[in-house]
Amino acid sequence: MATLLDGKIMAAQLMEGLKSRVNTLKEKGISVGLAVILVGEDPASQVYVRNKGKACEELGMLSETILMPAQTSQEELEALIEKLNADSRIDGILVQLPLPRHLDEAKALRRIVPEKDVDGFHIENAGKLFTGQEGVIACTPKGIIHMLKEANVPLSGKHAVVIGRSNIVGKPIAMLLLNENCTVTICHSRTENLSAHTRQADILVAAVGRAKFVTADMVKPGAAVIDVGINRVDGKVVGDVDFENVEKVAGHITPVPGGVGKMTIGMLMENTVEAAERKAK
Ligand code: NAD
């Protein structure tokens, strides 16, 4: 039976450490602030935004949630970002995605000054990751590496297979695993004979967005299986991995819920605290 990589426990430990870093900053008279912009009324996004606010509260950070109507224009959104760029109380700016379709996501994200881009989606931070320079790393991939390291899963020289090639998960996690000296294969919707690849994986990351997509026969015995997926099935949140059967084969496995998602919020908080620490310097 696989060892569970428990996101709740790991995130709680991370939050403890962050709390004391926030307090150290406060003692120096420096506050830590995160601004979250939500455009429109997408119910899933509302839940994510609320959870981010709660995490800020837990750490004693300033949290500003700005709700904008669905018909907000590109100019209005960018003007708000500019205002937050200039606001010294705000260390991190997050634009909750997806934005309504009439808005240009990439253009909005480019408006955020890279130092306050705590999601790590700005092209400058993405470019830094891909060229091995220090920058802000996207929260979900950063959280995955944290979980693997906490559990002492060997990475160097191992074969990591990532299913999914999105800019927010698939590509950056592949790059981080490469930086950890893994041999990395990226699979996607056009990959032929997917399971032949996944069966070679010592570390298998599933970021597809389809319930029970990764079945036990696709997994090498003893592999570390990281489930990034968030799918709603009959009102329940499930991942991309057929957990019940894969846990019998894998060496390590993350649950959904209570796995990668928990770490994502923790890493958002860490990126914001790091931004405030840079400001303090
Ligand atoms: P996306 O839709 O942008 O990308 C999905 C990827 O899956 C694509 O690159 C596609 O090529 C690949 N894919 C689709 N069908 C496939 C197939 N049949 N075989 C192989 N590959 C296939 O999604 P995303 O933004 O990367 O998110 C992926 C999942 O992770 C979603 O369920 C999302 O909700 C979840 N997610 C979770 C967190 C978290 O914090 N836990 C964060 C971000 C995303």
> Please check: side-chain N/O of Asp117 versus main-chain N/O of Ile93, any donor-acceptor pairing under 3.5 Å?
no
> Checking Ser73 against Glu76 for the side-chain hydrogen bond (donor to acceptor under 3.5 Å, both in side chains) test, could you report, in this order, the C-alpha distance in whole Å, the side-chain angles of both residues, the deciding distance, and whether it holds?
CA-CA 5 Å; Ser73 70; Glu76 285 167 328; 3.3 Å; yes
> Salt-bridge test for Glu78 and Lys107: reply yes if a basic N is under 4.0 Å from a carboxylate O, no otherwise.
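Counted as a salt bridge, because a side-chain N and a carboxylate O are separated by less than 4.0 Å.
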> Would you call Lys149 and Glu180 a salt bridge, using N to O less than 4.0 angstrom?
yes
> Is it the case that the side chain of Gln96 and the backbone of Val49 share a donor-acceptor pair, with hydrogens and angles ignored and the cut-off at 3.5 Å?
no
> Looking at side-chain heavy atoms only, is the closest gap between Tyr48 and Asp42 below 4.5 Å?
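No, too far: nothing below the 4.5 Å cut-off.
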> When you group the ILVMFWY residues by side-chain heavy-atom contacts below 4.5 Å and let the links chain together, are Val208 and Val238 in the same group?
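Hydrophobic grouping puts Val238 apart from Val208.
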> With Ile226, which of Ile145, Leu5, Leu204 fulfils side chain to side chain contact (heavy atoms under 4.5 Å, CB included)?
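Of the listed options, the one satisfying the test is Leu5.
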> Does Glu115 offer a backbone N or O that forms a donor-acceptor pair with the side chain of Arg278 under 3.5 Å?
yes
> Inspect the contact between Arg21 and Glu277 and indicate whether a charged nitrogen and a carboxylate oxygen are less than 4.0 angstrom apart.
yes
> Let's go through Val161 and Val205 carefully: what are the C-alpha distance in whole Å and the side-chain angles of both, what is the deciding distance for side-chain contact (heavy atoms from CB on, under 4.5 Å) to 0.1 Å, and is it a yes or a no?
CA-CA 6 Å; Val161 175; Val205 180; over 6 Å; no
> Report yes or no: does Asp240 contribute a side-chain atom to a donor-acceptor pair with the main-chain N or O of Gly209 at less than 3.5 Å?
yes
> Atom NZ of Lys83 and atom CD1 of Ile66: how far apart are they, to the nearest 0.5 Å?
6.5 Å
> Pairing donors with acceptors under 3.5 angstrom, does anything connect the side chains of Thr185 and His159?
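Yes - a donor-acceptor pair under 3.5 Å links their side chains.
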> Lys158 side chain to Asn181 main-chain N or O, any donor-acceptor pair under 3.5 Å?
no
> Using a strict 4.0 Å threshold on nitrogen-to-oxygen distance, state whether Glu134 and Lys128 make a salt bridge.
no
> Give a yes or no answer on whether the side chain of Asn85 reaches the backbone of Arg111 with a donor-acceptor pair at less than 3.5 Å.
yes
> Just checking, any donor-acceptor pair under 3.5 angstrom between side chains of Lys212 and Asn231?
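Lys212 vs Asn231: no donor-acceptor pair found between side chains.
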> Of Lys281, Lys279, Lys142, which meets salt bridge (Lys or Arg N to Asp or Glu O under 4.0 Å) against Glu274?
Lys142
> Just how far is it from atom OG1 of Thr191 to atom NE2 of His197, taken to the nearest 0.5 Å?
6.0 Å
> Between Arg89 and Gly33, is there a donor-acceptor pair closer than 3.5 Å when you use the side chain of the first and the backbone of the second?
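Not at all, since once roles are kept as given, no pair shorter than 3.5 Å links the two residues.
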> Quick one: does Glu105's side chain have a donor or acceptor within less than 3.5 Å of a partner on Leu99's backbone?
yes
> Charged N to carboxylate O under 4.0 angstrom, Asp202 versus Lys220?
yes
> Whether Asp6 and Lys8 form a salt bridge (side-chain N of Lys/Arg under 4.0 Å from carboxylate O of Asp/Glu) is what I want to check.
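Salt bridge flag = no for Asp6 with Lys8.
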> So, do Ile144 and Val228 sit near enough that their side-chain heavy atoms are less than 4.5 Å apart?
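Yes, their side chains come closer than 4.5 Å.
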> Give a yes or no on whether Ile203 and Met10 share a hydrophobic cluster (residues Ile, Leu, Val, Met, Phe, Trp, Tyr; joining criterion: side-chain heavy atoms under 4.5 Å apart).
yes
> Is it the case that the side chain of Asn125 and the backbone of Val136 share a donor-acceptor pair, with hydrogens and angles ignored and the cut-off at 3.5 Å?
yes
> Taking Glu41's backbone N and O only, do any of them form a donor-acceptor pair with Ser45's side chain (distance below 3.5 Å, no angle check)?
no
> Salt bridge between Lys19 and Glu16, side-chain N to carboxylate O under 4.0 Å?
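A salt bridge is present here (some side-chain N lies under 4.0 Å from a carboxylate O).
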